[in-house]
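I have placed the structure first, in the form of structure tokens, so that the comments after it can refer back to it.
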Amino acid sequence: MGQRVAVVSGGGTGIGAAVAGALARDGYDVLIVGRRVDVLTAAADRISADCGRPDAVTAVTADLTDPGQLDAVLAAVGDRAVDVVVNNAGGYLAGDTDTLAGTAAHWRANLDANVLTAVLLTEALRPALRRPGGRVIMVSSIAAQRGGADAYAAAKAALHGWAYTLAAQLGPEQITVNVVSPGYVAETEFFGDRMTPEGYAKRVAETLVKRPGLPDDIAEAVRYLASPAAGYVTGQVLGVNGGSVLGR
């Protein structure tokens with residue numbers, strides 16, 4: 001088969017960096033993709049050193065909302081087959097919604113950041129996906145299942161519907177497509193300076209296990225879905241939320 005290759009968007013920090021680390025430790029050559037070259041380079045160097053393989057992780061700088069910048073990802077992949085694509089890029093983008101123009105800009109920004117990034121990366125890499133055995137994994141959010149974050153929740157929910165469609169299209173080629181839907185995860189950049197002690201306590205209290213999630217919790221779920229053990233799992237949403245939202 002040769003060396004296994006994984007591509008992780010938003011791989012410089014938080015969940016994406018944890019996913020990149022887990023896959024690198026499993027022996028994948030990992031490409032982490034994002035817009036901040038310094039953050040990506042630091043993460044690639046740190047993860048590569050941690051797993052004892054100097055070139056285990058490669059930083060690829062690209063804005064995945066711009067179709068023209070996908071060429072950088074394709075060049076980094078080269079003629080290799082891609083075993084795993086993890087669409088983790090995105091986040092909540094605040095905006096001025098006091099006017100219709102502001103509302104439109106707010107929604108477009110969240111849809112671009114959370115949906116278009118995944119669509120363009122996956123479509124660009126679709127011809128290179130390993131057949132059989134490729135894996136496409138979306139990182140969604142508990143907001144997609146229970147609401148509460150307007151445009152962000154709607155954008156993450158859109159990933160679910162698209163994943164179901166993609167799973168049906170790629171299933172005959174033995175490529176699986178799944179979604180990991182995290183609950184509250186500490187130690188990420190998601191909330192920036194918006195998180196308060198009260199907000200933290202509320203989110204922990206909503207879980208059944210009475211603790212926040214950590215990036216490694218999500219990475220382990222992705223690691224399973226990327227593995228041969230998950231070859232019969234496709235078109236599914238795996239909630240990793242401490243019981244904040246029960247299975248449905």
Heavy-atom pair of closest approach, residues Ala143 and Ala153: O-CB, 3.4 Å

Ala59 to Ala44 - nearest heavy-atom pair and separation: N-CB, 4.1 Å

Presence of salt bridge, Lys202 and Glu198, under 4.0 angstrom: no

Any donor-acceptor pair under 3.5 Å from Lys210 side chain to Gly242 backbone: no

Donor-acceptor list for residues 157-167 side chains, cut-off 3.5 Å, not counting sequence neighbours:
| residue | atom | partner | partner atom | Å |
| --- | --- | --- | --- | --- |
| His160 | NE2 | Ser140 | OG | 2.7 |
| Thr165 | OG1 | Gly161 | O | 3.3 |

Side chain proximity check, Leu40 to Val60, heavy atoms < 4.5 angstrom: no

Joint cluster assignment, Val139 & Leu125, ILVMFWY side-chain distance < 4.5 Å: no

same_hphob_cluster(Leu170, Val5) at 4.5 Å side-chain heavy-atom cutoff: yes

Spacing of Leu31 atom CG and Ser9 atom OG [to the nearest 0.5 Å]: 12.0 Å

Nearest-0.5 Å distance that lies between atom CG in Leu70 and atom CG in Leu120: 5.5 Å

Asp63 backbone acceptor or donor facing Gln69 side chain under 3.5 Å: yes

Test item: Thr41 side-chain N/O and Asp38 main-chain N/O as donor-acceptor pair under 3.5 Å: no

Arg211 vs Asp217 side-chain heavy atoms within contact, under 4.5 Å: yes

Hydrophobic cluster identity match, Val77 and Val8, side-chain contacts under 4.5 Å: no

Interatomic spacing from NZ in Lys156 to CE in Met138 - rounded to 0.5 Å: 10.5 Å

Where at least one partner belongs to residues 5-19, residue pairs that pass salt bridge (Lys or Arg N to Asp or Glu O under 4.0 Å), sequence neighbours excluded: none

Partners passing ring pair (Phe, Tyr, Trp, His ring centres under 6.0 Å) against Tyr200 (at least two apart in sequence or in another chain): Tyr184

Gap separating the CG atom of Asp79 from the CG atom of Leu74, nearest 0.5 angstrom: 12.5 Å

Passing option when Ile137 is tested against Val177, Val85, Val19, Val180 for side chain to side chain contact (heavy atoms under 4.5 Å, CB included): Val180

SB check Arg126 Glu123 (cutoff 4.0 Å): yes

Joint hydrophobic cluster, Leu121 plus Leu129, side-chain heavy atoms closer than 4.5 Å: yes

Polar side-chain atom of Asp45 near backbone of Ala42 as donor-acceptor pair, under 3.5 Å: no

Within one Ile-Leu-Val-Met-Phe-Trp-Tyr cluster: Ile15 and Val7, side-chain cutoff 4.5 Å: no

Would you tabulate the side-chain donor-acceptor contacts of residues 93-102 under 3.5 Å, counting partners in other chains and residues two or more places apart, or write 'none'?
| residue | atom | partner | partner atom | Å |
| --- | --- | --- | --- | --- |
| Asp96 | OD1 | Asp98 | N | 3.0 |
| Thr99 | OG1 | Gly102 | N | 2.9 |

Closest approach of Ala20 to Ile32 (non-hydrogen atoms, all atoms of both residues): CB-CG2, 3.6 Å

Point-to-point distance, once rounded to the nearest 0.5 Å, from CG of Leu23 to CG of Asp29: 11.5 Å

Val185 and Glu187, any side-chain heavy atoms less than 4.5 Å apart: no

Validation row: Leu225, Thr176 side chains within 4.5 angstrom (heavy atoms): no

Check: Arg53 side chain, Tyr28 main-chain N or O, donor-acceptor pair, under 3.5 Å: yes

Backbone of Gly27 reached by a side-chain donor or acceptor of Gln3 within 3.5 Å: yes

Minimum-distance pair of heavy atoms, taken over all atoms of Ile142 and Ser244: CD1-CB, 3.5 Å

Qualifying side-chain hydrogen bond (donor to acceptor under 3.5 Å, both in side chains) pairs with a residue from residues 220-241, counting only residues at least two apart or across chains: Asp26-Arg223, Glu220-Arg223

From Asn178 atom CG to Leu238 atom CG, the distance as rounded to the nearest 0.5 Å: 8.0 Å

Asp83 side chain to Gly134 backbone, donor-acceptor under 3.5 Å: no

Arg108 atom CZ: more than 12 heavy-atom contacts under 6.0 Å: no

Shortest non-hydrogen contact from Ala89 toward Gly10: CB-N, 4.0 Å

Backbone of Gly91 reached by a side-chain donor or acceptor of Asn114 within 3.5 Å: yes

Of all pairs that satisfy side-chain hydrogen bond (donor to acceptor under 3.5 Å, both in side chains), the ones with a partner from residues 84-93, not counting sequence neighbours: Asn87-Thr122

Val115 and Val119, any side-chain heavy atoms less than 4.5 Å apart: yes

Gln145 versus Ser181, closest heavy-atom pair with distance: OE1-OG, 2.7 Å

